[in-house]
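Here the structure comes first, spelled out in structure tokens, and everything after it is commentary.
A, B, ... follow the sequence lines: proteins, then strands. Residue 1 opens every chain.
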Protein chains: 2
Amino acid sequence: MKISTKGRYALRLMLDLATYNTGEPVSIKDISKRQQISEKYLEQIISVLNKAGFVRSVRGAQGGYFLSRAPKDYTVGMILRLTEGDLAPVSCVGMTDVECDRIDSCVTNRIWKQLNDAISNVVDNITLDDLLSWQSELTDQYVI
Amino acid sequence: MKISTKGRYALRLMLDLATYNTGEPVSIKDISKRQQISEKYLEQIISVLNKAGFVRSVRGAQGGYFLSRAPKDYTVGMILRLTEGDLAPVSCVGMTDVECDRIDSCVTNRIWKQLNDAISNVVDNITLDDLLSWQSELTDQYVI
DNA sequence: ACAATTCATAGTAGAAAACTTGGAATTAAG
DNA sequence: CTTAATTCCAAGTTTTCTACTATGAATTGT
């Protein structure tokens with residue numbers, strides 16, 4: 001029941017793009033330095049985000065990435081589902097419900113549905129914009 | 001973010017014991033047949049439940065297992081945490097909070113805490129007794 | 001031209017999950 | 001007292017997944 005590095009890194013990556021959203025594209029190298037994550041691994045993760053249209057890329061020297069929409073338009077759920085795959089605690093209550101021959105008599109199924117709903121309820125109600133404001137709360141503390 | 005077979009099997013095992021709670025010990029072999037799970041794998045799982053005192057064993061011929069308490073005294077959370085380990089979505093918000101040097105500036109942390117609470121809230125509020133009544137609802141359907 | 005970048009694909013080492021194997025210890029039943 | 005049914009214990013194995021790493025091509029600003 002753990003979120004993998006891929007999902008966590010994707011979140012930090014997107015938050016980094018949201019934070020350093022100046023108009024200039026942000027390079028993998030910069031993100032890598034700030035987030036302490038290997039450039040190559042980041043490339044792999046951002047490629048998924050890129051293909052899904054979550055980010056826009058600029059190729060060549062001085063290239064990099066932007067968010068393609070406003071921070072408020074990305075939920076944590078969107079980002080995690082894209083990179084982690086389904087967040088359902090068991091496959092039979094996932095987005096693509098895997099068939100299970102015990103389905104009719106399956107009692108535990110009800111647990112997984114409840115869990116799935118609880119998880120979705122959290123991640124679908126936090127946006128990148130929320131993360132940004134949490135972040136500024138945190139930095140404010142240090143400024144005082 | 002998946003619950004492993006170990007946890008799911010442990011739940012079904014415990015529910016099986018609760019269901020076939022006649023006074024006679026229930027053997028691994030019987031559970032295995034009913035639940036379609038290999039005897040040997042069940043042995044391994046029940047050994048954990050046994051060591052934790054969740055079940056009582058009777059050795060030798062005609063031996064088997066009992067629940068050591070009433071179904072209402074087992075939450076799904078207890079069973080899953082024992083067999084799965086911590087249910088926290090990332091280790092830094094788990095029962096034994098693993099140290100993380102980014103902790104002070106960590107924004108995503110807040111997500112994981114919320115997720116953790118949501119998950120706990122579900123699994124800690126469903127007992128084996130609830131599962132038993134769900135089960136009888138289901139079987140009633142077929143009886144009609 | 002060249003250096004900085006993204007893009008694409010494959011490889012790899014280690015860990016974890018999901019079992020399987022083999023056999024010793026215990027005990028009710030005949 | 002023997003035997004068959006069972007739990008108990010410790011390793012071994014196979015498969016899958018995670019978390020990267022490696023190599024190099026394609027693109028583009030300076």
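Straight-line distance from the NZ atom of K2(B) to the P atom of dT18(D): 10 Å, rounded to whole Å. A straight line from CG of L49(B) to P of dC8(D) spans 12 Å, rounded to a whole angstrom. Rounded to an integer number of Å, the gap from CD of E84(B) to P of dA17(C) is 8 Å. Atom pair Q62(B):CD and dT3(D):P shows a separation of 18 Å (rounding to whole Å applied). Atom-to-atom, CD1 of I31(A) to P of dA4(C) comes out at 18 Å; the value is rounded to the nearest Å. Protein atom OH of Y65(A) is 12 Å distant from nucleotide atom P of dT5(C), rounded to whole Å. Between the CE atom of M1(B) and the P atom of dC17(D) there is a distance of 17 Å, given to the nearest Å. If you measure from atom CD1 of I45(A) to atom P of dA19(D), you get 9 Å, rounded to the nearest angstrom.
Taking a cutoff of 4.0 Å between a charged side-chain nitrogen and a carboxylate oxygen, E137(A) and R110(B) qualify as a salt bridge.
Residue pairs meeting the side-chain hydrogen bond (donor to acceptor under 3.5 Å, both in side chains) criterion with at least one member in residues 75-85 of chain B, sequence neighbours excluded: S4(B)-E84(B), R81(B)-S120(B), R81(B)-D124(B).
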Checking L13(B) against L49(B) for the side-chain contact (heavy atoms from CB on, under 4.5 Å) test, could you report, in this order, the C-alpha distance in whole Å, the side-chain angles of both residues, the deciding distance, and whether it holds?
CA-CA 10 Å; L13(B) 194 169; L49(B) 295 164; 4.1 Å; yes
In 5'-to-3' order, the base (B), backbone-only (S) or no-contact (-) status of each nucleotide in nucleotides 18-26 of chain C, using a 4.0 angstrom heavy-atom cut-off, is SBBBBB-BB
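Of the side-chain N and O atoms in N50(A), one or more sit less than 4.0 angstrom from OP1 or OP2 of dC7(C).
Among the protein residues, S47(B) comes within range of no part of the nucleic acid, since none of its heavy atoms lies under 4.0 Å from any strand. Residue-level contact check: I46(A) touches neither bases nor backbone, having no heavy atom under 4.0 Å from any strand. Within 4.0 Å of S27(A), counting heavy atoms only, lie sugar-phosphate atoms of the nucleic acid but no base atom.
More than 12 non-hydrogen atoms from other residues, nucleotides or ligands lie less than 6.0 angstrom from CD of E39(B).
The cationic atom of R56(A) (NZ for Lys, CZ for Arg) does not lie both less than 6.0 Å from the six-membered ring centre of Y65(A) and within 45° of the ring axis.
N125(A) is linked by a side chain to side chain donor-acceptor pair (under 3.5 Å) to N121(A), counting only residues two or more places apart in sequence or in another chain.
Looking only at atom types and distance, the side chain of Y41(A) has a donor-acceptor partner in the side chain of T5(A) under 3.5 Å away.
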